[in-house]
Amino acid sequence: MKIDHPRFADLPRLRQLWQAVFGDSDAFLDLFFSTAFSPDHCLCVRLDQQIVAAAYWMDCAFFGQTAAYVYAVVTAPVHRGQGHCRRLMDAIHRQLSDDGYCGSLLVPAEDGLRQMYATMGYRDFGGIEEASYTAGDTACQMRSLDPQELSILRRQYLPQGGVVQEGKSLSLLAGLADFYAGENHLLTVSREGNRILECLGDPNNIPPSLAALGIPQAAVRLPGNQPFAMYRPLKQIPPPTYFAFAFD
């Protein structure tokens, strides 16, 4: 067994493994590998030269410290239960620590994974609320934002200690969603279905915003108390308070 960074020649196998487990489309993988992937932000487990597990990370920040959002942790089904995921995560934590990251965070897909990551030192932090909203009878004024405008305004709306996701994360997000600003709020609107990936600011503005955008009904994610992301510290600093863009 060997744990190392992938080479670009490994991309077909990484994509194959990802699709076999997560089922994402070629279009999404094209977007991810063209905007958010870099070999130095990925580690993989090889058995007899074959990649059987992998994980990726993207830089983020809170309280002025750089952290890593660990994403798409995957093990080939036939190789599960052999400790590859734990060894892979241990290797990621060592590299992040050596590179000066303050910690790592991730979003478990279900409760069993939440329990597994808890054994690796991850703890719940902050939280979200996900609720269904219906368009109001009247519309408010909304303006479209480009990614740079969103990054500037979002820092103003984030709760103190909220995780800033820019750079490669923002490039990936820009391929998945559209950004809007209204009076006292920001919306990140998925291009697939009626989902608001994030609302920051006054939630009372959601119904007139949906009316303005021509969306009859939407599932909306905003800061709240439902367990969502988990954090593992690598330095002695307070944990983050809020995280939204899981690309789920």
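We use all heavy atoms of the structure for the numbers below, so side chains are in, but hydrogens, waters and symmetry mates are not.
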task: Show the numbers, then the answer: is there a side chain to side chain contact (heavy atoms under 4.5 Å, CB included) between Leu145 and Leu186?
output: CA-CA 10 Å; Leu145 304 173; Leu186 297 176; 4.0 Å; yes
message: ring-ring contact (aromatic ring centres under 6.0 Å, His included), that's the test. Do Phe125 and Phe62 meet it? Break it down for me.
response: CA-CA 13 Å; Phe125 70 88; Phe62 63 94; 7.7 Å; no
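- Each of Leu222, Ile206, Val220 was scored for a side chain to side chain contact (heavy atoms under 4.5 Å, CB included) with Ile196, with one residue passing: Val220.
- Rounding to the nearest 0.5 angstrom, the gap separating the CG atom in Leu210 from the CE atom in Met142 is 8.5 Å.
- Using a 4.5 Å cut-off on side-chain heavy atoms (C-beta onward), Met89 and Leu106 make contact.
- A donor-acceptor contact shorter than 3.5 Å is absent between the side chain of Thr134 and the backbone of Gln217.
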- prompt: Can you check side chain to side chain donor-acceptor pair (under 3.5 Å) on Gln49 and Arg46, steps first, answer last?
  reply: CA-CA 5 Å; Gln49 305 301 314; Arg46 300 178 194 268; 5.5 Å; no
- request: Check step by step if side chain to side chain contact (heavy atoms under 4.5 Å, CB included) holds for Tyr242 and Ile128.
  value: CA-CA 7 Å; Tyr242 166 74; Ile128 61 165; 4.3 Å; yes
- request: Quick one: do Leu170 and Leu150 satisfy side chain to side chain contact (heavy atoms under 4.5 Å, CB included)? Show the steps, please.
  value: CA-CA 9 Å; Leu170 186 56; Leu150 175 77; 4.0 Å; yes
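- The two atoms that bring Cys85 and Val73 nearest to each other are SG-CG1, 3.9 Å, heavy atoms only.
- Proximity of Glu129 to Pro203: side-chain heavy atoms (C-beta onward) are nowhere separated by under 4.5 Å.
- The environment of Asn225 atom CG is sparse: at most 12 non-hydrogen atoms of other residues, nucleotides or ligands sit within 6.0 angstrom.
- The structure places CZ of Phe179 at 9.5 Å from OG of Ser151, a figure rounded to the nearest 0.5 Å.
- Side-chain atoms of Ser209 and His185, non-hydrogen and from C-beta on, do get closer than 4.5 Å to each other.
- For the pair Leu176 and Phe245, the minimum side-chain heavy-atom distance is 4.5 Å or more.
- Between Gln19 and Leu29 there is a side-chain heavy-atom pair separated by less than 4.5 Å.
- Residue Arg155 qualifies as open at atom CZ: its count of foreign heavy atoms under 6.0 Å is 12 or below.
- By the 4.0 Å N-to-carboxylate-O rule, Asp24 lies too far from Arg15 to be salt-bridged with it.
- Applying the side chain to side chain donor-acceptor pair (under 3.5 Å) test to residues at least two apart or on different chains, the pairs with a partner in residues 56-79 are His41-Asp59, Asp59-Tyr101.
- Hydrophobic cluster membership for Ile152: none, as no Ile, Leu, Val, Met, Phe, Trp or Tyr side chain comes under 4.5 Å of it.
- Checking each of Ile51, Val52, Val74 against Cys44 for a side chain to side chain contact (heavy atoms under 4.5 Å, CB included) leaves exactly one that passes, namely Ile51.
- Here the side chains of Leu173 and Gln165 are not in contact, with every heavy-atom distance at 4.5 Å or above.
- For CD of Glu183, the number of neighbouring non-hydrogen atoms (other residues, nucleotides, ligands) closer than 6.0 Å is 12 at most.
- Heavy-atom neighbours of Asp146 CG from other residues, nucleotides or ligands within 6.0 Å: above the threshold of 12.
- Surrounding CG of Asp98 are more than 12 heavy atoms belonging to other residues, nucleotides or ligands, all under 6.0 Å away.
- A distance of 7.0 Å separates CZ of Arg123 from CE of Met230, quoted to the nearest 0.5 Å.
- The closest donor-acceptor contact from the side chain of Gln82 to the backbone of His84 lies at 3.5 Å or more, if one exists at all.
- Ring pair Tyr122/His93 is tilted by interplanar angle, where 30° to 60° counts as tilted.
- Ala54 and Leu17 make their closest contact through N-CD2, 4.4 Å (heavy atoms, listed as atom of the first residue, atom of the second, distance).
- Residue Leu11 holds its CG atom at 11.5 Å from CH2 of Trp18, rounded to the nearest 0.5 Å.
- Here Met120 contributes atom CE and Arg232 contributes atom CZ; the two are 9.5 Å apart, rounded to the nearest 0.5 Å.
- Thr188 places none of its side-chain heavy atoms less than 4.5 Å from the side chain of Arg154.
- Here the side chains of Cys60 and Leu105 are in contact, with some heavy-atom distance below 4.5 Å.
- Residue Ser171 holds its OG atom at 7.5 Å from NZ of Lys168, rounded to the nearest 0.5 Å.
- Residues Arg221 and Glu198 are not paired through a salt bridge, judged by the lack of any N-O separation under 4.0 Å between the basic side chain and the carboxylate.
- Between Phe28 and Phe22, a ring centre-to-centre spacing not shorter than 6.0 Å is recorded.
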